[in-house]
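Encoded as structure tokens, the structure appears first; notes follow it.
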Amino acid sequence: MTSQTTLTKEGGQAQTPGQPPSADGLKAGLKNRHLSMIAIGGVIGAGLFVGSSSGIAAAGPAILVSYALVGLLVVFVMRMLGEMAAARPNSGSFSAYADRALGRWAGFSIGWLYWFFWVVVLAVEATAGAVILESWIPAVPQWGWALIVMVVLTATNLVSVASYGEFEFWFAGIKVVAIGAFVVIGLLAVFGVLPGSDNPGAGFAHLTDAGGFLPNGAGAILTGVLMVVFSFMGSEIVTLAAGESEDPRRAVTKATNSVIWRIAVFYLGSIFVVLTLLPWNDKSITEKGSYIAALDSIGIPAAGQIMNVIVLTAVLSCLNSGLYTASRMAFSLGERGDAPKVFAKVNAKGVPTAAILGSVVFGFVAVFFNYMWKDTVFLFLLNSSGAVALFVWLVICFTQLRMRGILLREAPEKVTVKMWLFPYLTWATAAMITFVLGYMVYDDANRQVALLSVLVAAIVVSIGVVLDVLRKRKAAAAPVSG
């Protein structure tokens, strides 16, 4: 059991806030400052720094609308998840809630798909970090750096949840300060008050002076949505971590309420700065990357190396959180009987050692595939996990539709965070996500990712349904005692 309110296998309440953690459960080792920084920085991945240039190239200034639409989607999903997590913090988060609201098959399916997504991300981020580190110290081969990074962060997670929280506090802090400084410096340059700036052409005119605000047509906004949606994955991590915090209800409420300004500042704000410092079709944006090009345009020295440090920090942060998230989902699945029981065991410090090692082993295997069969085996893993973010969000919508009634019947006083305009906005959000998934199938560049992700999801759901049926038959056949 977790140290806070959790759901038992039957969905009941197992523990209440204020009780000490059980001897064999996760410990409340995350401080409020850890949760606050995880909430603020968790939504900022390396994809924002590295992938934004391709979105700008595809949609022009209209990429701001793409970011705004996806940001709105995330705000709604986080509000729904916050409603459930504030009432019942759980290390399995949406998987545990789906288990209760939709059925064991749903919790099983979305839990394993989410685990699969993050262990593939481990390989992607380890390789990205290794590329940067090798450029600094070429004496160590790239695979060696990937191994070093994975081992160090595995050790960090194995020590205690507090060590994970401390590392993530500083990693996220660096990202937050870096983007905040970028936005402030960029706006000073745009308004012409930055000392030493040599970009006299910067200004709001860049939003329309190269073919208008929609240079590639309104359809490019949807293309942009597909390109940026995955850079938002990770905002839900705070609800998993809440189960190991000092005050989970307060942490979840605070994170849910702050998601709007976080997206507005870090995503919309930073991309807006890039688009006002340079024309959207400036070749340097695609050649150097949007943030490096923007910093170069106002004469910031060593912009490339500065961004490499920040991107490396984002990569390490994503690795750190990815391993934590995968292991806690494995722990929750093991606790509910949907994964090997050993995953639900913790050591004296409350660390689920087997769940961490099981997750990192698959991560190591994926790294190996990335170096040996990058264009075949690893590409399949990457593509087949690509749409999991959207599946997770869709399941959160349907779960919240059912959980609202359950929570109001069982513990109405704990429903302190509520989804707006329920159930209409929940249904509208589900419809938006379904539309994005449908457009992925329609779009040539994303069709393979969508279809492979649906295929893998169908296989996992089928396994979940079969196991659920077998479990019910076994229960029905069991003799009734007494």
Side-chain angles (χ1 to χ4, degrees), residues 43 55 59 62-85 93-95 97-98 100-103 105-107 109-110 113-114 117 214 217-236 239 256 259-260 263-264 267-268 385-408 417-447 449-458 460-461:
V43 76
I63 194 66
L64 287 169
V65 180
S66 302
Y67 272 105
L69 288 173
V70 179
L72 192 63
L73 205 61
V74 173
V75 168
F76 293 156
V77 170
M78 280 297 292
R79 188 75 184 183
M80 288 181 247
L81 187 54
E83 175 179 304
M84 297 181 286
S93 188
F94 48 82
S95 174
Y97 307 141
R100 175 74 194 278
L102 304 178
W105 66 270
S109 303
I110 204 62
L113 285 171
Y114 195 66
F117 171 85
L214 293 164
I221 293 175
L222 291 177
T223 302
V225 164
L226 298 185
M227 300 181 82
V228 307
V229 66
F230 303 109
S231 64
F232 283 84
M233 190 65 169
S235 53
E236 67 288 328
T239 64
T256 303
V259 70
I260 297 175
I263 290 172
Y267 280 84
L268 289 173
S385 64
V388 167
L390 294 170
F391 296 158
V392 168
W393 295 348
L394 195 58
V395 167
I396 289 172
C397 292
F398 291 128
T399 300
Q400 192 261 339
L401 285 168
R402 296 288 300 276
M403 279 296 286
R404 168 67 74 88
I406 294 172
L407 292 173
L408 289 178
V417 176
K418 288 187 178 182
M419 177 59 180
W420 307 294
L421 298 177
F422 178 84
Y424 309 108
L425 200 49
T426 300
W427 279 112
T429 305
M432 289 167 63
I433 297 169
T434 303
F435 175 79
V436 172
L437 282 167
Y439 191 74
M440 284 185 71
V441 176
Y442 171 79
D443 185 69
D444 291 339
N446 289 278
R447 184 175 298 121
V449 172
L451 294 179
L452 284 176
S453 296
V454 169
L455 173 64
V456 170
V460 175
V461 169

Any chance you could measure [X], atom [atom1], to [Y], atom [atom2], to the nearest 0.5 Å?
X      : Y      : atom1 : atom2 : value
Met432 : Leu394 : CE    : CG    : 12.0 Å
Ser453 : Asn446 : OG    : CG    : 10.0 Å
Leu214 : Ile221 : CG    : CD1   : 5.0 Å
Leu268 : Leu64  : CG    : CG    : 6.5 Å
Thr239 : Met78  : OG1   : CE    : 6.0 Å

A side-chain contact here means heavy atoms from C-beta on lying under 4.5 Å apart; do [X] and [Y] qualify?
X      : Y      : value
Leu113 : Val392 : no
Phe94  : Leu81  : yes
Ile433 : Val77  : yes
Phe76  : Leu425 : yes
Met84  : Ile396 : yes

task: Take Trp420 and Val75, measure what side chain to side chain contact (heavy atoms under 4.5 Å, CB included) needs, and give me the verdict at the end.
output: CA-CA 11 Å; Trp420 307 294; Val75 168; 3.8 Å; yes
Any idea which heavy atoms bring [X] and [Y] closest together, and the distance?
X      : Y      : answer
Ala220 : Ala59  : O-CB, 3.6 Å
Ala101 : Ile406 : CA-CD1, 4.2 Å
Ile263 : Gly71  : CD1-O, 3.5 Å
Ala450 : Val441 : CB-CG2, 3.9 Å
Val449 : Ala387 : CG1-N, 4.1 Å
Ser95  : Ile110 : CA-CG2, 3.7 Å

- prompt: Between Val259 and Arg79, is a side chain to side chain contact (heavy atoms under 4.5 Å, CB included) present by the stated rule, with each step listed?
  reply: CA-CA 9 Å; Val259 70; Arg79 188 75 184 183; over 6 Å; no
task: Please identify each residue that fulfils side-chain hydrogen bond (donor to acceptor under 3.5 Å, both in side chains) with Arg447, with sequence neighbours left out.
output: Asp444
task: Verify whether the ring centers belonging to Phe391 and Phe117 lie closer than 6.0 Å.
output: no
query: Quick one: are the ring centres of Tyr442 and Tyr439 less than 6.0 Å apart?
result: yes
query: Is a side-chain donor or acceptor of Thr426 paired with a backbone partner of Phe422 at a separation under 3.5 angstrom?
result: no
message: Whether the side chain of Tyr267 engages the backbone of Ser231 through a donor-acceptor N/O pair (distance < 3.5 Å, no angle test) should be reported.
response: yes
message: Using side chain to side chain contact (heavy atoms under 4.5 Å, CB included), reason through Val436 and Trp393 one step at a time and then give a plain yes or no.
response: CA-CA 12 Å; Val436 172; Trp393 295 348; over 6 Å; no
statement: Across all chains, not counting sequence neighbours, the salt bridge (charged side-chain N to carboxylate O under 4.0 Å, His left out) partners of Glu236 are none
query: When you look at Arg404 and Lys418, which way does the side chain to side chain contact (heavy atoms under 4.5 Å, CB included) test go after all the steps?
result: CA-CA 9 Å; Arg404 168 67 74 88; Lys418 288 187 178 182; 3.8 Å; yes
query: Going by the angle between their ring planes, with limits at 30° and 60°, are Trp427 and Phe398 parallel, tilted or perpendicular?
result: perpendicular
